[in-house]
Amino acid sequence: QVHLVESGGGLVQAGGSLRLSCAASGSIFSINTMGWYRQAPGKQRELVADITSGGSTNYADSVKGRFTISRDNAKNTVYMQMNSLKPEDTAVYYCNADVRYWHTGVAYVTTLQYDYWGQGTQVTVSS
């Protein structure tokens, strides 16, 4: 009922920049927190940054000062500008959204909440 579509990954040299985007679509009532996670080979998935609907942000220590997360609530889209990229930033980046969506039953309409994930986008930083 709700889909997250990511874009913007790719291959970049160390010191370069990339901008990730993630658009949510479907029967959306509201979206609370949206964020980016990443998973490198052989490592656990970790939070990179997240942002609430009110604009409060949270960053992993490893990306503070280099990455900036932002969102467009009207477009249900979250962005992450990644500057001064390092080889250790290489990972698959996943978008996450805490979504309240419309659910229609036989004789009722209500909203339900669910944590959705995107399919992931590869970011590779060469040294």
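With a 4.5 Å cut-off on side-chain heavy atoms, M80 and C22 do not count as touching. No side-chain heavy atom of Y79 sits under 4.5 Å from any side-chain heavy atom of T68.
In this pair, Y108 and H103 present their aromatic rings tilted. The plane angle is within the 30 to 60° band.
Here the closest heavy-atom approach between residue N83 and residue S17 is recorded as OD1-OG, 2.9 Å. Here the closest heavy-atom approach between residue A14 and residue P87 is recorded as CB-CD, 4.1 Å. Residues Y59 and I69 come closest through the heavy atom pair OH-N, 2.9 Å.
Remark: Y37 OH to Q44 CD distance equals 13.0 Å, nearest 0.5 Å. With rounding to the nearest 0.5 Å, the separation of CD in E46 from OH in Y94 is 12.5 Å. Atom NE2 of H3 is separated from atom CD1 of I28 by 10.0 Å, given to the nearest 0.5 angstrom. Of the inter-residue distances, the one linking S70 atom OG with I51 atom CD1 reads 6.5 Å to the nearest 0.5 angstrom. In this structure, T33 OG1 and N58 CG are separated by 9.5 Å, a value rounded to the nearest 0.5 Å. Once rounded to the nearest 0.5 Å, the distance linking OH of Y93 with CE of M82 reads 5.5 Å.
In this model, no donor atom of one side chain and acceptor atom of the other lie less than 3.5 Å apart for S84 and R66.
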What do the steps show when you test D89 against K86 for salt bridge (Lys or Arg N to Asp or Glu O under 4.0 Å), and what is the final call? CA-CA 5 Å; D89 294 318; K86 304 175 181 180; over 6 Å; no
Intermediate values then yes/no, side chain to side chain contact (heavy atoms under 4.5 Å, CB included), W36 and F67: CA-CA 11 Å; W36 291 95; F67 292 9; over 6 Å; no
Run Q122 and T90 through side chain to side chain contact (heavy atoms under 4.5 Å, CB included) and show every step you take. CA-CA 8 Å; Q122 177 70 45; T90 295; 4.0 Å; yes
Could you go step by step and tell me if S25 and V5 meet the side chain to side chain contact (heavy atoms under 4.5 Å, CB included) rule? CA-CA 8 Å; S25 62; V5 178; 5.5 Å; no
Just do the side chain to side chain contact (heavy atoms under 4.5 Å, CB included) check on R38 and S62 with the steps written out, would you? CA-CA 12 Å; R38 67 187 180 187; S62 59; 3.4 Å; yes
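V109 and Y101 end up in different hydrophobic clusters when Ile, Leu, Val, Met, Phe, Trp and Tyr side chains are linked at under 4.5 Å. Hydrophobic clustering, with ILVMFWY side chains joined whenever heavy atoms are under 4.5 angstrom apart, groups L112 together with V2. V12 and V92 fall into different hydrophobic clusters, where Ile, Leu, Val, Met, Phe, Trp and Tyr side chains are chained together by heavy-atom contacts under 4.5 Å. Under the 4.5 Å side-chain contact rule for hydrophobic residues, Y114 and V99 share a cluster.
The backbone N or O of I31 sits nowhere less than 3.5 Å from a side-chain atom of N76 that would complete a donor-acceptor pair. Remark: the backbone N or O of L20 is not paired with any side-chain donor or acceptor of E6 at under 3.5 angstrom.
When the side-chain contact (heavy atoms from CB on, under 4.5 Å) test is applied to D115, the partners found at least two apart in sequence or on another chain are N96, D98, W117.
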